[in-house]
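Below is one structure, written out as structure tokens; comments come after it.
Numbered from 1 within each chain, the chains take letters A, B, ... in sequence-line order. Computed from a predicted model, the values in this text were never measured in an experiment.
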Protein chains: 2
Amino acid sequence: MPDILHRVGALAPLDDVYRAIATPDGIAGWWTTDTTGKSEVGGQLAFRFGDVGGFDMEILELDPVGRVRWRVTDGPAEWIGTEIDWSLSRRDDYTIVLFKHEGWREPVEFMHHCSTKWATFLMSLKDFAETGRGRPAPDDVRISDWH
Amino acid sequence: MPDILHRVGALAPLDDVYRAIATPDGIAGWWTTDTTGKSEVGGQLAFRFGDVGGFDMEILELDPVGRVRWRVTDGPAEWIGTEIDWSLSRRDDYTIVLFKHEGWREPVEFMHHCSTKWATFLMSLKDFAETGRGRPAPDDVRISDWH
């Protein structure tokens, strides 16, 4: 099954990047300002993007050493059941983020879109970790007719 | 085998986007300024990125209706033998670019990096097609310690 893979490096402490991924307040700084939920294993996160809809996810793993894992429980049909895996490590002055969105059933056109869109959100995460300012929705980077 | 997939839409005519992908002069506007070669099926393209090295590719397909395909003949070991597929179509005011870099043997960390890096170059292609100004190397967007 095809996966979406990405890697960015942020000039920021691992703890800061971890908090940006592990907590609703952190995620609101780079993915969507409308992020709610509880930061605990088994907890639910709700990500909303105005009229476009959004995603619900269950937190499967939360390890401050550098690991976060979510399972999509509601949202577009192609996303339901897929899992998103975050792995953080230090390398020189960088916190390296390895990202995987796995479990897609088919490499549909929407998956192509989501891959590019994730890249722009990971750059937003990098900016947020480095400067305190990301580009979360509704102020996110437009990449096409599909937003 | 895992693939890198992306999709962007440019508010530009399909012919302009096609030329930006099908010709060395076009590619120099968004990927690397040091692009040379001959735009014909069976022709070789050389993409260089200063000290970092670069890639040689053979053009497998060139169809102005909206298709370009390359095979990597030299460069980093992970890239050799992989193929890069461009498919263009019109949708409302957009030229949609479907991108596939396929034939990776393993989902190594370098593949994660290349996936994100391709996304930034596709955004550079979009900007180049829309405004005449992209961000080709050596002026490309830095995403990590690996550039």
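Annotation for I96(A): hydrophobic cluster partners, listed by chain and number, are L11(A), Y94(A) (ILVMFWY side-chain heavy atoms under 4.5 Å, direct or chained).
Atom OG of S144(B) is separated from atom CG of L122(A) by 11.5 Å, given to the nearest 0.5 angstrom. Between K117(B) atom NZ and H6(A) atom NE2 the span is 13.5 Å, to the nearest 0.5 Å. For the atom pair CD (E109(A)) and OG (S87(B)), the distance works out to 8.5 Å, reported to the nearest 0.5 Å. Interatomic distance, OG of S115(A) versus CH2 of W118(B), reported as 13.0 Å (0.5 Å rounding). Taking CD1 of I4(A) as the start and CG of D3(B) as the end, the distance is 12.0 Å to the nearest 0.5 Å.
Heavy atoms of D92(B) lying under 4.5 Å from chain A are absent altogether. Proximity to chain A is absent for every atom of F110(B), based on heavy atoms less than 4.5 angstrom apart.
Heavy atoms of other residues, nucleotides or ligands lying less than 6.0 angstrom from CD of E106(B) number 12 at most. Atom CG of D63(A) sits in a crowded spot, with more than 12 heavy atoms from other residues, nucleotides or ligands closer than 6.0 Å. At most 12 heavy atoms of other shown residues, nucleotides or ligands fall within 6.0 angstrom of atom CZ in R133(B).
Note: the hydrophobic cluster containing L98(A) does not contain I27(A) (ILVMFWY, side chain heavy atoms under 4.5 Å, direct or indirect links). Under the 4.5 Å side-chain heavy-atom criterion for grouping Ile, Leu, Val, Met, Phe, Trp and Tyr, L125(B) is connected to F49(B) within one hydrophobic cluster. Cluster annotation: W104(A) is not connected to I80(A) through the hydrophobic network of ILVMFWY side chains, with a link wherever side-chain heavy atoms come within less than 4.5 Å.
If you tally non-hydrogen atom pairs under 4.5 Å between each of R91(A), H113(A), M123(A), K126(A) and chain B, the highest count goes to R91(A).
No side-chain heavy atom of H112(B) sits under 4.5 Å from any side-chain heavy atom of V97(A).
Proximity of a side-chain donor or acceptor of T116(B) to a complementary backbone N or O of R7(A) within less than 3.5 Å is detected.
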